[in-house]
Peer 1: 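Here's a structure for you.
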Amino acid sequence: MGLVTELLVVAVVATLVARFLLQYLRFRKMELAIPGPPSLPLLGNAVDFLTATPDSAMRTVLRLIGDRRGLCRFSIMNHLLVAVSSPDDIQHLVRRAEFNDKSHFFYDFLDNPRGLLQLRGADAKLRRRLLEPGFNKNVLNRFVGIFVDGAKGFVSRVAVDEAVDVLQPLRHAAARNFLRTAISADISQTEAEVMPVVDFFEEFHRSVNQRSVNPLLWSDGLFRLTPFGRKMARMRRSIETLLRKCIAMKRKEVEALRGSKHAQQRTIADILLDLHDRAEIPEQDFLDEIKTFFGANVETTVSALSWALKVLSILPRVQERVHAEVVAVLGDRDVTAEDLPQLKYLERVVKEVLRMFPPIPFTARQCHRRTRLCGHTVPAHSTVILNIHGAHFDPEHWREPRRFEPDRFLPENSQGRHHCAFIPFSVGARNCIGGLYAMMALTAFLATTVRAFRVLPADGHRDLQSLADNMAFDLTSRLVGGTRVRFQPRHVSGTGGQT
Ligand code: HEM
């Protein structure tokens with residue numbers, strides 16, 4: 001290499017390094033101007049996550065944010081995350097359309113780019129508009145019978161009078177509900193194929209969590225080379241093959257029903273099938289959407305129900321009051337859509353569970369360009385975290401937030417509450433499309449289960465503080481080490497086998 005070439009190489013390298021340093025210093029100045037925990041140059045708070053496991057990552061995030069109600073930042077290398085925690089700031093954030101897109105960080109690891117959760121801009125708006133008819137009250141009322149069947153199936157299958165980790169039985173029950181309500185195809189023939197795939201989702205969610213705190217796994221290329229990345233690719237292929245089968249069954253069902261009154265029913269698969277047949281969406285959109293809804297529906301429901309059962313097991317007085325209400329409203333009958341509004345105490349219990357143990361404690365939005373937010377400058381490409389967990393414990397909006405008190409949701413006690421203080425289904429343009437579906441499914445399940453069983457504790461967690469201290473977050477929140485309770489039959493009729 002001649003001297004001139006050498007000098008040229010040195011000059012190019014020096015320019016690149018200088019440019020990187022200049023950009024980094026500008027970024028660092030903005031980073032440090034936002035309140036947050038101590039952070040190292042270049043590494044940020046990566047060291048805090050170095051030893052984080054899927055079980056401890058959530059506690060690490062909560063520790064970094066601390067009690068700060070205002071904007072708070074932490075960073076992993078040069079990736080800045082800014083948490084918005086107070087209801088006022090959350091309201092300010094969700095009113096701004098430029099924060100409607102989900103962040104690249106975290107969400108891109110979900111690998112369903114054509115599903116609603118990951119769609120951005122006009123695509124997301126249009127997809128929501130097209131899918132919303134699948135969630136109107138009349139459609140959902142028809143699902144209550146399916147929710148009750150699912151709960152009765154759970155009641156008849158779950159082991160009694162011994163410690164049971166409820167996650168897997170709940171996941172199977174929720175998956176059956178999903179397939180019947182979203183696709184409505186008869187899956188009984190494919191059940192043996194479906195359930196192993198359902199079980200894989202838990203592993204997949206842990207991988208998303210692990211990737212987000214480990215910069216070495218951020219690159220898709222590198223991740224695909226890891227044993228888990230290869231397994232994910234294989235599973236993705238089998239999931240899609242299975243879904244194609246379900247869709248073919250669905251197509252046959254639609255053909256058979258054409259012209260009958262049942263043809264009016266609009267599940268999300270009906271809507272997607274129509275769009276596909278009219279060539280408005282390609283097959284990949286259809287598959288990504290069903291996978292998105294599967295994850296969004298099943299995992300959140302499992303999380304909420306597992307917390308609810310655990311809380312009821314720890315608080316027998318609350319459980320007995322729920323049971324008394326269920327018996328008074330239903331007697332021996334199964335729950336119907338008309339009964340749900342009568343189960344008022346149960347609804348408040350569900351809300352209080354969702355407040356204290358939100359299935360999705362954080363969501364994240366993309367900050368596309370440098371922006372002023374709540375009095376601070378947020379650099380371009382940062383991730384803005386909507387801290388649902390923080391809002392639910394905000395002492396300015398909740399008296400004794402660590403106390404389990406369902407009656408705080410009585411109408412007279414809810415008057416004047418900030419509308420961003422209770423946001424388990426998020427808030428604004430990208431809130432949960434399935435919020436009402438979820439509330440109906442949770443209430444129908446718990447009414448059926450609590451009438452059949454007394455739910456008792458089955459491990460060392462004997463108070464709510466112990467649950468709060470052991471809350472972990474993959475894609476949804478869960479109790480570290482599993483959620484174990486004991487079901488003691490109450491010996492009543494009409495509950496699928498407990499007679
Ligand atoms: C207890 C149960 C549930 C909870 C706590 C919950 C919570 C949430 C939250 C917090 C979000 C916002 C996520 C984000 O900003 O990235 C969300 C979005 C979403 N949820 Fe739910 N959800 C539940 C049940 C359901 C059900 C049953 C369905 C479908 C039937 C569903 C479908 C979705 C979808 C598709 C989105 C994405 C919406 C968008 O990005 O525009 N969820 N959910």
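For ligands, and for the atoms within them, numbers begin at 1 and follow the listed sequence.
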Peer 1: Who gets closest to atom 34 (C) of ligand 1 by heavy atom: V353, L386, L475, I433?
Peer 2: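 Checking each option, the heavy atom nearest atom 34 (C) of ligand 1 is found in I433.
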
Peer 1: Please classify the T363 to ligand 1 contact at 4.0 Å (heavy-atom distances, strictly less than): side chain, backbone, both or neither.
Peer 2: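 Only the side chain of T363 comes within reach of ligand 1.
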
Peer 1: Where on F425 is there a heavy atom closer than 4.0 Å to ligand 1, on the side chain, on the backbone, on both, or on neither?
Peer 2: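 For F425, the contact with ligand 1 is made by both the backbone and the side chain.
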
Peer 1: Among all protein heavy atoms, pick out the one at the shortest distance from atom 36 (C) of ligand 1; state its residue, atom name and that distance to 0.1 Å.
Peer 2: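 The closest heavy atom on the protein side is L117 CD1, 4.0 Å.
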
Peer 1: Please find the pair of heavy atoms, one from K250 and one from L273, that lie closest to each other, and give the distance.
Peer 2: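 Residues K250 and L273, closest heavy atoms: CG-CD2, 4.1 Å.
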
Peer 1: Report, in ascending order of atom number, the atoms of ligand 1 lying under 4.0 Å from any heavy atom of R128.
Peer 2: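 Per the distance check, 38 (C), 39 (C), 41 (O).
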
Peer 1: Give the residue and atom name of whichever protein heavy atom lies nearest to atom 33 (C) of ligand 1, and the separation in Å to one decimal.
Peer 2: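 Nearest neighbour among protein heavy atoms for atom 33 (C) of ligand 1, to 0.1 Å: A296 CB, 3.5 Å.
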
Peer 1: Record the part of F293 in heavy-atom contact with ligand 1 below 4.0 Å; permitted values are side chain, backbone, both and neither.
Peer 2: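 Side chain only.
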
Peer 1: Do me a favour and list the nearest non-hydrogen protein atom to atom 26 (C) of ligand 1 with residue, atom name and distance?
Peer 2: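 Minimum-distance protein heavy atom for atom 26 (C) of ligand 1 reads N297 CA, 3.7 Å.
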
Peer 1: Name the closest protein heavy atom to atom 40 (O) of ligand 1, giving the residue it belongs to and the distance to 0.1 Å.
Peer 2: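 Of every protein heavy atom, K102 NZ, 2.6 Å lies nearest to atom 40 (O) of ligand 1.
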
Peer 1: May I ask you to identify, for T292, whether its side chain, its backbone, both or neither come under 4.0 Å of ligand 1 on a heavy-atom basis?
Peer 2: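 The answer is neither.
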
Peer 1: Looking only at the side chains, is there a donor atom on one of R128 and N431 sitting less than 3.5 Å from an acceptor on the other?
Peer 2: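 Per modelled atom types, R128 and N431 side chains form a pair under 3.5 Å.
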
Peer 1: For atom 10 (C) of ligand 1, what is the nearest protein heavy atom, given as residue, atom name and distance?
Peer 2: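 That would be P424 O, 3.4 Å.
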
Peer 1: In this structure, which one of R68, R69, R399, R417 forms a salt bridge (Lys or Arg N to Asp or Glu O under 4.0 Å) with D394?
Peer 2: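 Answer to the salt bridge (Lys or Arg N to Asp or Glu O under 4.0 Å) test with D394 among R68, R69, R399, R417: R69.
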
Peer 1: Side chains of S85 and N387: any donor to acceptor distance under 3.5 Å?
Peer 2: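 There is such a pair (donor and acceptor under 3.5 Å, judged by atom type) between the side chains of N387 and S85.
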
Peer 1: So which heavy atom in the protein is nearest atom 8 (C) of ligand 1, and how far is it from that ligand atom?
Peer 2: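 Of the protein heavy atoms, C432 CB, 3.6 Å lies nearest.
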
Peer 1: For the residue pair D199 and H172, confirm or rule out a side-chain donor-acceptor distance under 3.5 Å.
Peer 2: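 Side-chain D/A pair, D199 to H172: present.
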
Peer 1: Could you tell me whether some N/O pair between R430 and ligand 1 is separated by less than 3.5 angstrom?
Peer 2: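 Looking only at distances, the answer is yes, because the N/O contact criterion of under 3.5 Å is met.
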
Peer 1: Does the side chain of E240 come under 3.5 Å of the side chain of Q284 through a donor N or O and an acceptor N or O?
Peer 2: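 Yes, because at least one side-chain N or O of E240 sits under 3.5 Å from a partner of the opposite role on Q284.
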
Peer 1: State the atoms of ligand 1, each with its element, that fall below the 4.0 Å cut-off from a heavy-atom position in F135.
Peer 2: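 Under 4.0 Å from F135, ligand 1 has these atoms: 30 (C).
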
Peer 1: Decide whether T267 and D270 meet the rule of one side-chain donor and one side-chain acceptor closer than 3.5 Å.
Peer 2: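 On atom types as modelled, these side chains qualify, holding a pair under 3.5 Å.
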
Peer 1: Below 4.0 angstrom from a heavy atom of P359, which ligand 1 atoms are there? Numbered from 1 as shown, please.
Peer 2: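 By the 4.0 Å cutoff, the relevant atoms are 5 (C).
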
Peer 1: Could you identify the single nearest non-hydrogen protein atom to atom 9 (C) of ligand 1 and state the distance to 0.1 Å?
Peer 2: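 Its nearest protein heavy-atom neighbour is I360 CD1, 3.8 Å.
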
Peer 1: Would you mind checking which non-hydrogen protein atom is closest to atom 16 (O) of ligand 1, with the distance to 0.1 Å?
Peer 2: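 Protein heavy atom at minimum distance: Y107 OH, 2.6 Å.
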
Peer 1: Looking at N177, T301, T181, which hits side chain to side chain donor-acceptor pair (under 3.5 Å) with Y437?
Peer 2: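 Going through N177, T301, T181 one by one, the side chain to side chain donor-acceptor pair (under 3.5 Å) with Y437 is satisfied by T181 alone.
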
Peer 1: How long is the straight-line distance from CD of Q366 back to CD of E98, given to the nearest 0.5 Å?
Peer 2: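 The distance works out to 12.5 Å.
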
Peer 1: Give, for atom CZ of F154 and atom CZ of F453, the distance between the pair rounded to the nearest 0.5 Å.
Peer 2: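 The CZ atom of F453 is 7.0 Å from CZ of F154, to the nearest 0.5 Å.
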
Peer 1: N431: heavy atom below 4.0 Å from ligand 1, yes or no?
Peer 2: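 Yes, N431 has a heavy atom closer than 4.0 Å to ligand 1.
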
Peer 1: Please give me the minimum heavy-atom distance between P401 and R355, naming the atom from each residue.
Peer 2: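 Looking at all heavy atoms of both residues, the closest pair is O-NH2, 2.8 Å.
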
Peer 1: Does atom CZ (R403) have a neighbourhood of more than 12 heavy atoms from anything else shown, all under 6.0 Å?
Peer 2: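 Yes, the 6.0 Å shell around CZ holds more than 12 heavy atoms from other groups.
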
Peer 1: Atoms of ligand 1 less than 4.0 Å from S426 heavy atoms?
Peer 2: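 Within the 4.0 Å cut-off of S426, ligand 1 contributes 10 (C), 12 (C).
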
